[in-house]
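Below you'll find the structure, written out as structure tokens, and then a few comments.
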Amino acid sequence: MRFLFTILVISLLNCHPINSQNGSVSIKASYKFPTPPESEKSLFYLQRSQNSNTIQYDINLDSEGKIDEDDPVEVYWLRYNTTGEKRDLKWMERKMAYGVKTKRLSESAYQVKMVAYDERPILVHQKSNGEVIAKIKINGQMVKFKSIFIDMIEGGWIPTIKTIELFGEDLATGKPVYEKFKPKD
């Protein structure tokens, strides 16, 4: 099933917006999925309509509190569909679906691209106070990246993506920013 999701996510390369809006939007309200606990290492998370299992993306810091140059982003499952335990991604999940590719831009900034959808690079930046945030363009505006939600219909060999939703916060005001996509026909 995860392999099929990989194929599905790769098809997102040909997506276009169908509904974009600013305002208060919540995945939890629609699907009643748990929201992962936030920590100083949290960057963003990905959820899918098929179940509440969540893929979490965290920053890795070295012993000096700087972004780990060799392995800047940790990606893992939060298995809410069972006991909520943390589980590492399997090789195929890392390489084909949920993993990331990173490129160092400076000592405090990295470009992060999701392996299955690299059209919207994510900027991971460490501020002078040590805080690390992920930024992405949503509705053409650079925002603090919070989460991705993929609504899909399972059936046959390849699930169908109904919509992809991106959630963030305006960097200046903290107000929610939201964009919704669907695959091209």
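Residue indices begin at 1 and follow the sequence shown. These numbers were taken from a predicted model, which means no experiment stands behind them.
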From E85 atom CD to R79 atom CZ, the distance as rounded to the nearest 0.5 Å: 7.0 Å
Which atom pairs, one a donor and one an acceptor, fall under 3.5 Å between side chains of residues 55-67 and the rest of the protein, sequence neighbours left out?
residue : atom : partner : partner atom : Å
Q56     : NE2  : F44     : O            : 3.4
Q56     : NE2  : D58     : OD1          : 2.9
Y57     : OH   : Y98     : O            : 2.7
D58     : OD2  : Y76     : OH           : 2.6
N60     : ND2  : D71     : O            : 2.8
N60     : ND2  : D71     : OD2          : 3.3
D62     : OD1  : E64     : N            : 2.9
D62     : OD1  : G65     : N            : 3.1
D62     : OD1  : K66     : N            : 3.0

Verify same cluster id: W77, Y80 (apolar side-chain graph, 4.5 Å): no
pair V115-R94: side-chain heavy atoms closer than 4.5 Å: no
Heavy-atom closest pair, residues I122 and A134: CG2-CB, 3.9 Å
M114 with L78, same ILVMFWY side-chain cluster at under 4.5 Å: no
Between NZ on residue K182 and OG1 on residue T163, distance to nearest 0.5 Å: 10.0 Å
Donor-acceptor pair, side chain of T54 and main chain of S52, under 3.5 angstrom: yes
All side chain to side chain donor-acceptor pair (under 3.5 Å) counterparts of E74, not counting sequence neighbours: K86
Worked check of side chain to side chain contact (heavy atoms under 4.5 Å, CB included) between Y110 and Q126: CA-CA 9 Å; Y110 285 76; Q126 187 168 32; over 6 Å; no
Closest non-hydrogen atom pair, Q47 against P34: NE2-O, 2.9 Å
E131 atom CD, over 12 foreign heavy atoms within 6.0 Å: yes
T102 OG1 to K113 NZ distance, which is reported to the nearest 0.5 Å: 11.5 Å
Atom pair CE/CZ of M152 and R48 - distance to nearest 0.5 Å: 6.5 Å
Any donor-acceptor pair under 3.5 Å from N139 side chain to Q141 backbone: no
L123 with V143, same ILVMFWY side-chain cluster at under 4.5 Å: no
Separation of K146 NZ from I136 CD1 (nearest 0.5 Å): 13.5 Å
Heavy-atom pair with the smallest gap, counting every atom of R120 and K137: NH1-O, 2.7 Å
Linked, directly or transitively: V112 and L89 (ILVMFWY side chains, under 4.5 Å): yes
Within one Ile-Leu-Val-Met-Phe-Trp-Tyr cluster: V177 and L171, side-chain cutoff 4.5 Å: no
From I138 atom CD1 to K144 atom NZ, the distance as rounded to the nearest 0.5 Å: 12.5 Å
